[in-house]
Amino acid sequence: MKVLVVGGGGREHAVCRKLAVSPMVDALLCAPGNAGIAEVAACVPQVKATDVAGIVALAREERVDFVCVTPDDPLAMGCVDALEAAGIPAFGPNAYAAQMESSKIFSKNLMKKYGIPTAASETFTDMDAALAYLDAQQAPIVVKADGLALGKGVIVARTIEEAKTAVVDMMQGGRFGKSGARVLIEECMFGREVTVLCFCDGKTIVPMPASQDHKRVFDHDEGPNTGGMGAFAPSPLYTPEIAARTMREILLPTLHAMNAEGFTFKGVLYVGLMLTAQGPKVVEYNARFGDPETQAVLPLLESDLMAIMMAVRNQTLSELEIRWKDASAACIVLASGGYPGAYESGKVITGLEAAQAAGATVYHAGTRRAGEAIVTAGGRVLGVTALGDTLRQAVDSAYAAARLIHFDGAHMRSDIGSRDC
Ligand code: AMP
Ligand code: GLY
């Protein structure tokens, strides 16, 4: 088969590496891809992930047999709908089902209607009503823009004043464009966070090993939120008891709810959980693989990812047995100095071979080839993943390899996984 992967970050590199070793895949393309993905796939940098017409045209021209649409934007824009309409099988939810991520109000309404545990919340389209509501609430309280906002549309406000400022920013300041025209104000939950990525074909939902992301830029969860500074799997917090309860109270009810609402979710359903004193509750759904969780989860997959993706698309997931390594994986993100604020690009990266020779896998996120050199080209630059028999071993190996890599201004957290080792 000839397969096209849409996207160009660390997560897509992890997907491409798994597809490249599938006996079913003869040729692999990636649009736009990056300097690391280019080692396992033919990259098409001129076609951006959000160029839906360009992706369909590329798939047609190249006579691609199957497309994996990985990032949130093209999914929300209907990339899977457009590919399937053109007769090209695709992995990922259609635009309607992708609202599980692209509209927080859509998914909140679904959770409310079907009694899926989550934070209590109210929806507002009118700013004055939102401000008046806040006057009667207590802090801390959470304000969320409805639409996609690059992970930045959530404010956990420590005071009512801060919450009001967030509401005004979103609804009047236009800080998130159309995404902020509607806001959710919700109860603040307390607990540890776990990510459960699930393969879902609309009939069957199969959780992958649970993982933990590290969203803040500095050690001890300080500094601003980022796309994710590191991840590991499996999560020791996600005990068999919590896993069983989550399946019963959240995953199966979500599958039922989506079907009862008349839509079929095919792809990866990302379930972000807060493990509260009252049990697991949904923080958010995403309609795709997480980044960097995928760089810690997919290296543990023993089964053929291509076979799984086809089964999801064809709704035959129940016929597959999906096997995972009995090991732990940790991924350390190397970011550009200054990220998630302003940062410089074009810094020469050294030590990539040494890190691989040390037994790690280096996933490229924001990199580009410049002549013979590989240089930085984004906020999150690389994800260095290592496996181990225990989480401690995986973390130590990943750090040992990550420390062999250098570029000007490189920043990584030094405490990925350490709270749970
Ligand atoms: P989201 O974009 O919905 O994942 O939110 C980003 C982050 O904000 C989450 O990972 C949580 O750490 C935090 N968060 C979101 N909703 C809540 C909530 N209701 N209570 C406490 N923290 C929250
Ligand atoms: N790591 C968080 C996300 O992918 O949304």
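All ligand and atom numbering here is 1-based and tracks the order in the structure. Keep in mind the model is a prediction, meaning the values are calculated, not measured.
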### Task
State whether the shortest distance between N or O atoms of Lys215 and N or O atoms of ligand 2 falls below 3.5 angstrom.
no
#### Entry: Any Phe289 heavy atom less than 4.0 Å to ligand 2
no
### Task
Please indicate whether Asp135 has more than 12 foreign heavy atoms, meaning atoms of other residues, nucleotides or ligands, lying under 6.0 Å from its CG.
yes
### Close-contact set for ligand 1 against Met274 heavy atoms, below 4.0 Å
21 (C), 22 (N)
### Query
Does even one non-hydrogen atom of Ala231 get within less than 4.0 Å of ligand 2?
no
### Query
Which of the atoms in ligand 1, numbered in the order shown and given with their element, are less than 4.0 Å from a heavy-atom of Glu193?
9 (C), 10 (O), 11 (C), 12 (O)
### Task
Classify the contact between Glu186 and ligand 1 as side chain, backbone, both or neither, using a heavy-atom distance cut-off of under 4.0 Å.
side chain
### Query
How many angstroms lie between atom SG of Cys421 and atom CD1 of Ile416, to the nearest 0.5 angstrom?
10.5 Å
### Query
With a 4.5 Å limit on heavy-atom distance, are the side chains of Leu251 and Leu269 in contact?
no
#### Entry: For atom 2 (C) of ligand 2, closest protein heavy-atom neighbour
Tyr270 OH, 3.4 Å
### Message
So if I count the atoms of ligand 2 from 1 in the order they appear, which ones are less than 4.0 Å from some heavy atom of Gly290?
### Response
4 (O)
### Task
Look at the aromatic rings of His411 and Phe218 and report parallel, tilted or perpendicular, splitting at 30° and 60°.
perpendicular
### Query
Once the angle between the rings of Phe199 and Trp324 is folded into 0 to 90°, is it parallel (under 30°), tilted (30 to 60°) or perpendicular (over 60°)?
parallel
## Note on the structure
Taking only non-hydrogen atoms of Lys144 and a 4.0 Å limit, the atoms of ligand 1 in range are 3 (O), 15 (C), 16 (N)
### Query
Is the closest heavy-atom distance from Gly228 to ligand 2 below 4.0 Å?
no
### NZ on Lys266 to CD on Glu84, rounded to 0.5 Å
6.0 Å
### Message
Could you check whether Phe106 and Phe263 have their ring centres less than 6.0 Å apart?
### Response
yes
### Query
What atoms of ligand 2 come closer than 4.0 angstrom to any heavy atom of Gly227?
1 (N)
### Summary
Partner of Leu184 under side chain to side chain contact (heavy atoms under 4.5 Å, CB included), picked from Val142, Ile105, Asp146, is Ile105
### Query
With atoms numbered from 1 as shown, which atoms in ligand 1 lie under 4.0 angstrom from a non-hydrogen atom of Lys104?
1 (P), 2 (O), 3 (O)
#### Entry: Residue part near ligand 1, for Glu187, under 4.0 Å between non-hydrogen atoms
backbone
### Message
So is Arg288 touching ligand 2 or not, going by heavy atoms under 4.0 Å?
### Response
yes
### Query
Taking only heavy atoms of Asp213, which atoms of ligand 2 are found under 4.0 Å from at least one of them?
1 (N), 2 (C)
### Query
So, is Met189 polar-close to ligand 1, with some N/O to N/O distance under 3.5 Å?
yes
#### Entry: Test of proximity, Asp291 against ligand 2: N or O pairs below 3.5 Å
yes
### Per-residue contact class, Ala119 against ligand 1 - non-hydrogen pairs under 4.0 Å
side chain
### Message
With a 4.5 Å cut-off on side-chain heavy atoms, are Cys198 and Tyr285 touching?
### Response
no
### Val142 neighbourhood, listing ligand 1 atoms whose heavy-atom distance to it stays under 4.0 Å
16 (N), 17 (C), 18 (C), 19 (N), 20 (N)
### Task
Mind checking whether Asn286 contacts ligand 2 via backbone (N, CA, C, O), side chain (CB onward), both or neither, at a 4.0 Å heavy-atom cut-off?
side chain
### Heavy-atom gap Cys188 to ligand 1 smaller than 4.0 Å
yes
#### Entry: Per-atom contacts of ligand 2 with Glu293, taking only distances under 4.0 Å to non-hydrogen atoms
1 (N), 2 (C), 4 (O)
### Query
Is any side-chain heavy atom of Glu261 closer than 4.5 Å to a side-chain heavy atom of Met258?
no
### Message
Could you tell me if the side chain of Met309 sits less than 4.5 Å from the side chain of Cys68, heavy atoms only?
### Response
yes
### Query
When rounded to the nearest 0.5 angstrom, what distance separates CD in Glu284 from NZ in Lys104?
5.0 Å
#### Entry: More than 12 heavy atoms from other groups under 6.0 Å of CZ on Arg419
no
